[in-house]
Chemist: 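Input: one structure, supplied below.
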Amino acid sequence: MFSRRVVSAAARSARSTLGPQSQIPRAQFSIARQLRAQAEPEDPEENGGYINPPAIKRQYRDPYGDWHDKQERRNWGEPVHEDNDVLAVFSLYNYDHMTPGRAGVMWLGFISCIGLLSYAVYSTYPDRPAFPKEYEGGLDKELGGMGAVRVS
């Protein structure tokens with residue numbers, strides 16, 4: 001791989017040989033988008049005069065309403081939004097039943113309950129029913145310690 005110095009030096013020498021015509025300042029992408037948006041006025045007849053209803057997901061419509069199509073929650077002859085695939089019932093479901101703050105409080109409550117239960121079990125757990133037996137000289141010789149007779 002080339003080092004950055006070699007590549008940057010090659011780029012500088014290539015720019016200097018091309019001359020001042022190549023030194024055209026370029027607009028940033030955000031500015032270019034704004035200029036392009038100003039140059040192209042929005043066409044009011046873009047969709048052929050079709051009345052586009054407001055963009056409301058069908059999951060927010062009354063599920064018990066008197067709909068002609070109960071599954072899609074539509075009536076007969078109702079105009080369909082141009083983004084119907086995104087707004088229909090079978091699109092991704094917006095989960096907005098809980099705010100992040102409420103979810104954090106619930107997680108904190110769950111973790112604190114687990115901690116309280118663990119502390120209650122730890123504090124009320126009975127001691128060992130028996131104590132380990134203690135030998136006067138220990139079991140150093142019996143378990144093969146320093147004073148044990150070695151097998152040859």
Side-chain angles (χ1 to χ4, degrees), residues 1-15 25-40 42-44 46-48 50-152:
M1 288 179 43
F2 289 119
S3 68
R4 290 185 184 183
R5 290 185 213 156
V6 173
V7 174
S8 64
R12 269 187 259 126
S13 65
R15 271 190 256 135
R26 300 197 180 250
Q28 294 178 358
F29 290 110
S30 61
I31 296 173
R33 257 189 251 124
Q34 290 173 358
L35 293 174
R36 198 176 309 123
Q38 291 173 358
E40 299 173 6
E42 190 171 325
D43 185 13
E46 187 174 329
N47 58 4
Y50 184 77
I51 300 169
N52 204 12
I56 300 172
K57 282 188 72 81
R58 300 257 170 79
Q59 84 179 46
Y60 297 122
R61 288 186 173 186
D62 183 19
Y64 304 110
D66 189 26
W67 304 106
H68 182 263
D69 183 4
K70 299 210 183 285
Q71 186 171 1
E72 279 289 325
R73 298 178 189 162
R74 287 188 66 227
N75 286 325
W76 177 259
E78 181 181 350
V80 179
H81 194 274
E82 63 182 336
D83 294 329
N84 185 48
D85 55 343
V86 177
L87 301 172
V89 170
F90 291 113
S91 64
L92 294 176
Y93 191 77
N94 283 353
Y95 187 78
D96 56 0
H97 298 304
M98 187 170 302
T99 61
R102 184 174 175 209
V105 168
M106 292 181 84
W107 269 108
L108 186 64
F110 171 73
I111 291 171
S112 63
C113 286
I114 295 296
L116 286 173
L117 179 68
S118 300
Y119 177 73
V121 168
Y122 177 76
S123 62
T124 60
Y125 198 74
D127 289 334
R128 294 175 65 177
F131 291 98
K133 188 173 181 180
E134 296 180 9
Y135 296 95
E136 290 179 18
L139 293 175
D140 188 40
K141 189 185 286 186
E142 287 81 2
L143 292 176
M146 295 294 287
V149 178
R150 302 286 175 199
V151 177
S152 56

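Both backbone and side-chain heavy atoms feed into the values below; hydrogens, waters and symmetry mates do not. The model shown is predicted, which means the values in this text are computed figures rather than measured ones.
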Chemist: Could you check whether any side-chain N or O of K57 sits under 3.5 Å from a backbone N or O of V86, counting only pairs where one atom can act as donor and the other as acceptor?
Modeler: yes
Chemist: Atom CG of residue position L92 - does it have more than 12 heavy atoms of other residues, nucleotides or ligands inside 6.0 Å?
Modeler: no
Chemist: With a 3.5 Å distance limit and no angle check, can you tell me whether W67 reaches the backbone of D62 through a side-chain donor-acceptor pair?
Modeler: yes
Chemist: Closer than 3.5 angstrom, by distance alone: can the side chain of R73 be matched with the main-chain N or O of V89 as a donor-acceptor pair?
Modeler: no
Chemist: Which pair of heavy atoms, one from A55 and one from L87, lies closest together, and at what distance?
Modeler: CA-CD1, 3.8 Å
Chemist: Apply the test side-chain contact (heavy atoms from CB on, under 4.5 Å) to residues M98 and M106: give CA-CA distance (whole Å), side-chain angles for both, the deciding distance (0.1 Å), then the verdict.
Modeler: CA-CA 10 Å; M98 187 170 302; M106 292 181 84; 3.6 Å; yes
Chemist: Please confirm whether the backbone N or O of Y64 pairs with a side-chain atom of K70, one donor and one acceptor, at under 3.5 Å?
Modeler: no
Chemist: With a 3.5 Å distance limit and no angle check, can you tell me whether E82 reaches the backbone of N52 through a side-chain donor-acceptor pair?
Modeler: no
Chemist: Quick one: are D96 and Y60 in side-chain contact, heavy atoms under 4.5 Å?
Modeler: yes
Chemist: How close do S112 and G109 get, counting heavy atoms only, and between which atoms?
Modeler: OG-O, 2.8 Å
Chemist: If every non-hydrogen atom of P79 is compared with every non-hydrogen atom of P53, which pair is closest and at what distance?
Modeler: O-CG, 3.5 Å
Chemist: Taking atom types as modelled and ignoring hydrogens, do the side chains of N84 and R58 form a donor-acceptor contact shorter than 3.5 angstrom?
Modeler: yes
Chemist: Do side-chain atoms of E78 reach the backbone of N75 as a donor and acceptor pair under 3.5 angstrom?
Modeler: yes
Chemist: Within the supplied structure, the quantity of interest is the number of heavy atoms (other residues, nucleotides, ligands) at a distance under 6.0 Å from D66 CG; does it exceed 12?
Modeler: no
Chemist: Does the side chain of I56 reach to within under 4.5 Å of the side chain of H81, using non-hydrogen atoms?
Modeler: no
